[in-house]
Amino acid sequence: MIYGANGYTGELITRYAVERGMTPILAGRNAIAVEEIAKKHHLEYRVFSLDEGYRIDNALQNVDAVLHCAGPFSLTSRPMVEACLRNKKHYTDITGEIAVFEAMARLDREAQEAGVMIMPGVGFDVVPTDCLAKHLKERLPTANYLSLAFYGMGRLSHGTQATMTMNIGHGGAIRKDGKITRVAAAWKSREIDFGEVTKNAVTIPWGDVATAYYSTGISNIEVYTVIPAKQLKLLKASRYLGWLFATKPLQDYLQKQITAGGTSDEERAKGKTLLWGQAEDPNGNRVEARMTAPDGYTTTVLTALNIMQKILDGNFKPGYQTPAKAYGADLILEIDGVSRSDSNQ
């Protein structure tokens, strides 16, 4: 089941799933929109909101796994994952929110007892970076510091921008000595050599701050990205005005400024993402790796469906899992258009 099939990413995943010969059941709370997409692709559909527990239970009876695409996941993930546990169904989503990953990790025992897998973050966040982190750890098993970075060339969807706007007043986050630690927005900057280009990047509270710890055991983690000047100014202003950005009037205003929809097929085809990672151990030994991948939304579609097919084929590990922990560092290399290269320092 694809929940949130009428959202930008959910609809894109649906289209690619049908092209692969898959027949997902579509679901969401917007009856008209979900029905329209379902009829277009000749698929079954269900209509329910996530505050209707009994309707979720009914909808899950004829499915093996859920791909949850309706964010913000800090608001929507809990009722869906709890329903999956009650009904012994596998749960996946495309979140990038640290709090969601950590909440899911606490459900590990319940998922094991139910015999199902919980795997949030099966899209661009966090499959490529999670696999890069695992790869670096395998190259340097003694590593205790991990830095990851990405540079995306493309426009963000409405849903992603809405989530980022909702969290703009909450600052940043890193993992320090095994614990997630709050830091200021854009707390640290550094020059990143992505191979094709060198860019100045800043720390962001990306999902790998949570997941890379479970995938690698590395206790100190920072994630960087390249942010346009206008957004960077807004982030830095939030250090001092975070309380203001969190107020309802300003949130309502900022949310209304977000353009609906996402990238076109042509924009996605032209776009790509550059990734970089570095692991270091206490003796100063370092290893680096770089990766090139399709644009973020194409990557999300391909990685989500690849993982879902594995689950449907019976290839899963019960409990809370990260992509690289369950399927290895080379999982991302199964995706067309992805390449990886190594270097030492």
Side-chain angles (χ1 to χ4, degrees), residues 1-28 33-46 59-60 62-71 80 84 89-95 116-128 130-131 154 157 159-160 261-273 291-317 321-324 326-328 330-340:
M1 173 183 285
I2 299 174
Y3 187 83
N6 57 299
Y8 173 77
T9 308
E11 186 172 0
L12 195 60
I13 289 172
T14 298
R15 174 152 64 91
Y16 274 69
V18 171
E19 290 173 359
R20 289 181 170 210
M22 303 172 82
T23 55
I25 295 173
L26 307 187
V34 173
E35 180 183 10
E36 181 181 345
I37 296 166
K39 286 184 175 180
K40 178 181 177 181
H41 296 290
H42 308 289
L43 297 170
E44 292 183 46
Y45 69 95
R46 309 282 186 268
L60 293 181
N62 297 318
V63 305
D64 297 307
V66 169
L67 175 51
H68 185 24
C69 300
M80 182 61 85
C84 286
K89 310 296 182 180
H90 303 290
Y91 173 90
T92 66
D93 68 30
I94 54 172
T95 190
V116 299
M117 184 168 73
I118 294 175
M119 185 181 285
V122 298
F124 178 76
D125 192 348
V126 291
V127 177
D130 194 48
C131 290
S157 78
T160 300
T263 55
S264 66
D265 288 353
E266 288 123 350
E267 286 173 320
R268 287 195 306 278
K270 292 177 182 177
K272 65 177 175 179
T273 309
M291 187 184 293
T292 301
D295 86 292
Y297 289 97
T298 301
T299 299
T300 290
V301 170
L302 298 178
T303 56
L305 290 177
N306 187 35
I307 289 171
M308 182 56 68
Q309 189 61 63
K310 291 178 186 296
I311 294 170
L312 296 177
D313 290 342
N315 181 3
F316 62 87
K317 295 180 180 181
Q321 302 292 341
T322 66
Y327 299 116
D330 291 345
L331 169 69
I332 189 62
L333 298 183
E334 298 174 14
I335 303 303
D336 289 342
V338 174
S339 62
R340 187 181 67 204

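In what follows, every heavy atom counts, from backbone to side chain, and hydrogens, waters and symmetry copies are set aside.
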Problem set entry | Val126 vs Thr322, side chain to side chain contact (heavy atoms under 4.5 Å, CB included): CA-CA, chis, key distance, verdict | CA-CA 8 Å; Val126 291; Thr322 66; 5.7 Å; no
For this session: Give the C-alpha distance, both sets of side-chain angles, the deciding distance and a yes or no for side chain to side chain contact (heavy atoms under 4.5 Å, CB included) between Thr303 and Val122.
Result: CA-CA 6 Å; Thr303 56; Val122 298; 5.6 Å; no
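Asp64 places no side-chain N or O within 3.5 Å of a backbone atom of Leu312 that could act as its donor or acceptor partner. With hydrogens and angles disregarded, a donor-acceptor distance shorter than 3.5 Å links the side chain of Thr273 to the backbone of Pro294. Listed for the Asp313 side chain is no donor-acceptor partner under 3.5 Å among the backbone atoms of Asn315. At distances below 3.5 Å, at least one donor-acceptor pair connects side-chain atoms of Asp93 with backbone N or O atoms of Gly121. Here the side chain of Lys89 pairs a donor or acceptor atom with the backbone of Val63 at under 3.5 angstrom. Although no hydrogens or angles enter the test, the distance criterion places no donor-acceptor pair under 3.5 Å between the side chain of Ser339 and the main chain of Met291. Although no hydrogens or angles enter the test, the distance criterion places no donor-acceptor pair under 3.5 Å between the side chain of Tyr45 and the main chain of Ile37. Within the 3.5 Å criterion, the main-chain N or O of Leu333 finds no donor-acceptor partner in the side chain of Asp330.
Once rounded to the nearest 0.5 Å, the distance linking CG of Asp295 with NZ of Lys270 reads 12.5 Å. Atom CD1 of residue Ile94 and atom CG of residue Leu67 lie 6.5 Å apart, to the nearest 0.5 angstrom. Considering OG1 of Thr300 and OH of Tyr8, their distance stands at 10.0 Å, rounded to 0.5 Å. Between the CZ atom of Phe124 and the CD1 atom of Ile332 there is a distance of 9.0 Å, given to the nearest 0.5 Å. With values rounded to the nearest 0.5 angstrom, Asn62 atom CG is found 6.0 Å from Arg46 atom CZ. Note that the CD atom of Gln321 and the CD1 atom of Ile311 stand 10.5 Å from one another [nearest 0.5 Å].
At a threshold of 4.5 Å between non-hydrogen side-chain atoms, the residues Leu12 and Arg268 count as touching. Glu11 has its side chain out of reach of Arg15: every pair of non-hydrogen atoms, C-beta onward, lies at least 4.5 Å apart. Residues Leu43 and Thr23 have side chains in contact (heavy-atom distance under 4.5 Å, counting atoms from C-beta outward). Between Tyr91 and Val116 there is no side-chain heavy-atom pair separated by less than 4.5 Å.
Between Gly123 and Pro128 the shortest heavy-atom distance is O-CD, 3.8 Å. Closest approach of His90 and Met117 over heavy atoms only: ND1-N, 3.0 Å. Scanning all heavy atoms of the two residues, the minimum distance from Met308 to Thr92 falls at CE-OG1, 3.6 Å. Of all the heavy atoms in Ala293 and Thr299, the pair that sits closest is CB-OG1, 4.1 Å. Pro323 and Val127 get closest at one heavy-atom pair: CG-CG2, 3.8 Å. Minimum interatomic distance between Cys131 and Leu331 (heavy atoms only, all atoms of both residues): SG-CB, 3.8 Å.
By the neighbour-count criterion of 12 heavy atoms within 6.0 Å, atom CD of Glu36 is sparsely surrounded, having that number or fewer from other residues, nucleotides or ligands.
The aromatic rings of Tyr3 and His68 lie tilted to each other, with the angle between the two planes from 30° to 60°.
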